[in-house]
Amino acid sequence: AQSVSQHNHHVILSEAASLELGCNYSYGGTVNLFWYVQYPGQHLQLLLKYFSGDPLVKGIKGFEAEFIKSKFSFNLRKPSVQWSDTAEYFCAGANNAGNMLTFGGGTRLMVKP
Amino acid sequence: ETGVTQTPRHLVMGMTNKKSLKCEQHLGHNAMYWYKQSAKKPLELMFVYSLEERVENNSVPSRFSPECPNSSHLFLHLHTLQPEDSALYLCASSQGTSGRVTDTQYFGPGTRLTVL
């Protein structure tokens with residue numbers, strides 16, 4: 001069965017610190033990976049996605065993620081976080097048929113000003 | 001503002017009640033989705049509709065009954081729910097006609113459901 005796991009449930013950083021949120025997946029075959037973000041009081045929205053090609057994917061607001069097939073990982077990174085990055089981040093994976101989407105449990109990030 | 005609205009935003013119902021959740025998308029999309037977000041559990045995909053036809057039903061109990069009368073509206077009819085069904089129910093839409101979950105989805109704010 002496919003699964004997506006996020007290592008950290010809660011992360012607290014100071015502004016300007018670097019961010020890396022872990023995501024591991026367990027899938028057979030081709031995998032499509034996503035990071036979604038939910039800012040306080042706002043709707044869930046897509047940050048970035050990986051389907052194929054360059055394993056380093058750039059998303060909105062300075063975020064990027066790297067697909068490392070050998071590690072079954074798709075970690076989210078940002079070199080310097082801002083207070084406005086405070087949010088909950090969700091990693092998700094879909095099978096190639098596009099009929100199954102599995103979310104990780106989410107990571108709550110708090111950035112202290 | 002994502003263009004996907006959900007009503008009501010909060011709902012409290014007894015186990016014998018029948019209620020419906022409504023989702024409306026103003027984006028001209030062709031596919032719509034229902035998700036369940038329970039406390040301490042990952043977001044779960046429940047139903048997928050594409051061009052008003054159900055594409056996927058991920059083993060959801062029959063006490064949840066979706067309805068998609070047109071590509072802009074999606075309902076989730078609820079009856080004889082259990083307290084463990086209390087959760088945030090999210091609706092999403094996407095542009096593609098295939099209902100593939102890999103299409104970029106736009107989410108609504110959710111309905112917070114409490115079953116007593």
Side-chain angles (χ1 to χ4, degrees), chain A residues 1-10 21-27 29-53 57-60 67 74 87-108, chain B residues 1-7 9-10 23-27 29-50 53-60 87-112:
Chain A
Q2 57 190 31
S3 67
V4 175
S5 60
Q6 295 180 237
H7 317 305
N8 312 100
H9 298 294
H10 297 274
L21 301 182
C23 173
N24 285 95
Y25 65 92
S26 170
Y27 271 80
T30 305
V31 63
N32 306 291
L33 297 162
F34 309 80
W35 276 98
Y36 280 86
V37 61
Q38 188 167 23
Y39 297 103
Q42 295 190 27
H43 307 174
L44 200 63
Q45 59 183 286
L46 182 69
L47 257 186
L48 49 80
K49 60 184 177 182
Y50 170 80
F51 287 175
S52 63
V57 180
K58 295 195 183 296
I60 59 172
F67 171 62
F74 189 57
E88 188 161 15
Y89 293 81
F90 296 90
C91 182
N95 61 347
N96 200 41
N99 59 0
M100 293 180 68
L101 182 65
T102 306
F103 279 81
T107 298
R108 289 187 186 271
Chain B
E1 205 55 47
T2 64
V4 180
T5 58
Q6 292 185 242
T7 54
R9 295 293 307 276
H10 298 270
C23 175
E24 184 173 359
Q25 58 94 0
H26 313 273
L27 301 168
H29 287 170
N30 297 299
M32 297 185 78
Y33 311 76
W34 277 119
Y35 288 85
K36 177 183 179 182
Q37 188 173 31
S38 306
K40 301 181 181 179
K41 286 182 70 176
L43 197 61
E44 301 170 72
L45 179 63
M46 300 174 73
F47 299 104
V48 180
Y49 274 82
S50 176
E53 303 234 343
R54 189 188 302 181
V55 174
E56 286 296 326
N57 170 5
N58 286 309
S59 304
V60 180
L88 181 70
Y89 289 85
L90 292 173
C91 172
S93 70
S94 65
Q95 191 169 29
T97 56
S98 64
R100 288 172 59 91
V101 297
T102 46
D103 294 336
T104 297
Q105 295 180 47
Y106 295 80
F107 285 81
T111 294
R112 175 73 60 189

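Below, read A as the first sequence line, B as the second, and so on, with proteins coming before strands; counting in each chain starts at 1. Small disclaimer: the values here were computed from a predicted structure and weren't measured.
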Looking at B:T102 and A:K49, what are the two nearest heavy atoms and their distance?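 That would be O-NZ, 4.1 Å.
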Between B:P109 and A:H43, what is the shortest heavy-atom contact and its length?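 The pair with the smallest heavy-atom distance is CB-NE2, 3.5 Å.
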With a 4.5 angstrom heavy-atom cut-off, could you sort out which part of B:E44 is near chain A: side chain, backbone, both or neither?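 For B:E44, there is no contact with chain A at all, as no heavy atom is under 4.5 Å.
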Identify which part of B:Y35 has an atom lying under 4.5 Å from any heavy atom of chain A, answering side chain, backbone, both or neither.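 For B:Y35, the contact with chain A is made by the side chain alone.
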Counting only heavy atoms not in [X] (residues, nucleotides, ligands), do more than 12 fall under 6.0 Å from its [atom1]?
X     : atom1 : result
A:H9  : NE2   : no
A:Q42 : CD    : yes
B:R54 : CZ    : yes

Could you tell me whether the side chain of B:V48 reaches within less than 4.5 Å of the side chain of A:L101, counting heavy atoms only?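 Heavy-atom side-chain distance check fails, nothing below 4.5 Å.
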Is the shortest side-chain heavy-atom distance between A:F34 and B:Q105 below 4.5 Å?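 They are not in side-chain contact.
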To the nearest 0.5 Å, how far apart are CD in A:Q38 and CG in B:L43?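 Spacing of CD (A:Q38) from CG (B:L43) equals 9.0 Å.
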Top contributor to chain B contacts, counting heavy-atom pairs under 4.5 Å, from A:G93, A:A92, A:G104: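 Most heavy-atom pairs within the cutoff with chain B belong to A:G104.
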